[in-house]
K.L.:
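After the structure tokens below, expect a handful of questions from me.
By convention in this document, chain letters (A, B, ...) are assigned in the order of the sequence lines, proteins followed by strands, and residues within each chain are numbered from 1.
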2 protein chains.
Amino acid sequence: MATATVSGLHHPEVDELRLEGVLHALSDPIRLTMVRALAARVEPCACGSIDVPVSKSTRTHHWRVLRENGLIRQVERGTTKLTELRRDDLDARFPGLLDVVLRG
Amino acid sequence: MATATVSGLHHPEVDELRLEGVLHALSDPIRLTMVRALAARVEPCACGSIDVPVSKSTRTHHWRVLRENGLIRQVERGTTKLTELRRDDLDARFPGLLDVVLRG
DNA sequence: AACAAAGTTCGACGTCTCTCGTACTACAAT
DNA sequence: ATTGTAGTACGAGAGACGTCGAACTTTGTT
């Protein structure tokens, strides 16, 4: 039962978040579903536990887009990846945006 | 000196606006520039008067994307096209979104 | 009538995106 | 040790996207 480790996954800093990138990440229906599902959780959750109608590898692709554009944070733990919304960061950088999307 | 005529241009109704579409329309740097420039005007303006570093035909393409996704309204007048942001519609459907984008 | 100005249409091109399956790695459980 | 589970890597295909130039349409001006 190892503790969550800081992995080599690339996450942009708060001040590196680009609006175009964030909007692009959110403009895909599958990713929108993922973000909303994530928002409905309190704790970080295994990214595989959110089911969307695409294959496993496509899911990996979408999680990467979300991560690289600063929407989510992921840490590896064991065989799974704990995933959470970067609520605070997003609210700090683009106040109101997440609210709109989650209300959507 | 013809009055502005209601043209055959397709504009989605307020309740037809899709969040994915709006976000996609806004996720391009050129279009973001266009929207912000439009927001800085009070009156509808000729779409050609907003200059962006792309060719005339590419500009046409971007205006169409913005129009078809409900970001702008265009009416033909003479040889030009009066273009304006659909502020009210966007605020009604996705409150706060435009603010975020314009604050950027 | 002739010309200029504002946009559109069309075809083309290269790139990015979404999708998949297969093969692979890493950890966990029996 | 073997098997199972969670996810990644890679290569490939189809389609969407952004870009351009050239030709065209429509309207306004001289």
K.L.:
Could you tell me the separation between the CZ atom of A/R64 and the C1' atom of D/dA9, rounded to a whole number of Å?
P.N.:
9 Å

K.L.:
With sugar-phosphate meaning primed atoms plus P, OP1 and OP2, does A/T80 contact a base, only sugar-phosphate, or nothing at under 4.0 Å between heavy atoms?
P.N.:
sugar-phosphate

K.L.:
Take A/R31 and A/H62 through the test side chain to side chain donor-acceptor pair (under 3.5 Å) and record every step on the way to the result.
P.N.:
CA-CA 6 Å; A/R31 288 194 291 264; A/H62 286 306; 3.0 Å; yes

K.L.:
Any side-chain N or O of B/S55 less than 4.0 Å from the OP1 or OP2 oxygen of D/dC20?
P.N.:
yes

K.L.:
Let me know the distance between NE2 of B/H61 and P of D/dC17, rounded to the nearest Å.
P.N.:
8 Å

K.L.:
Which listed nucleotide (D/dT5, D/dG28, D/dT8) is nearest to the side chain of B/T79?
P.N.:
D/dG28

K.L.:
In whole angstroms, how far is the C1' atom of D/dG7 from the CD atom of A/Q74?
P.N.:
10 Å

K.L.:
Any sub-3.5 Å donor-acceptor pair from B/T33's side-chain atoms to B/P29's backbone N or O?
P.N.:
yes

K.L.:
Between B/H62 and D/dC17, is there a contact of a side-chain N or O with OP1 or OP2 at under 4.0 Å?
P.N.:
no

K.L.:
Can you tell me if A/S27 and B/E20 form a side-chain donor-acceptor pair at under 3.5 Å?
P.N.:
no

K.L.:
To the nearest angstrom, how far is B/L9 atom CG from D/dT26 atom C1'?
P.N.:
14 Å

K.L.:
Expressed as a whole number of angstroms, how long is the span from A/E68:CD to C/dT17:P?
P.N.:
10 Å

K.L.:
Taking the nucleotide of DNA chain C with the nearest heavy atom to each, does A/H24 or A/T58 sit closer to the 5' end?
P.N.:
A/H24

K.L.:
Quick one, A/L38 with A/E84, criterion side-chain contact (heavy atoms from CB on, under 4.5 Å). Give me CA distance, side-chain angles, the key distance, then yes/no.
P.N.:
CA-CA 6 Å; A/L38 233 41; A/E84 63 178 337; 5.7 Å; no

K.L.:
Tell me if the side-chain of A/S57 makes a donor-acceptor pair with the base of C/dG21, cut-off 3.5 Å, by modelled atom types.
P.N.:
yes

K.L.:
Just N and O in the side chain of A/R59: are any of them under 4.0 Å from OP1 or OP2 of C/dC18?
P.N.:
no

K.L.:
Rounded to whole Å, please give me the gap between CH2 in B/W63 and P in D/dG18.
P.N.:
15 Å

K.L.:
Map A/V65 and A/K56 onto DNA chain C by nearest heavy atom, then report which one ends up closer to the 5' terminus.
P.N.:
A/V65

K.L.:
Kindly indicate whether the side chain of A/K81 and the base of D/dG7 share any N or O donor-acceptor pair separated by less than 3.5 Å?
P.N.:
no

K.L.:
Check the pair B/S57 / B/T60 against side chain to side chain donor-acceptor pair (under 3.5 Å), numbers first and verdict last.
P.N.:
CA-CA 5 Å; B/S57 43; B/T60 294; over 6 Å; no

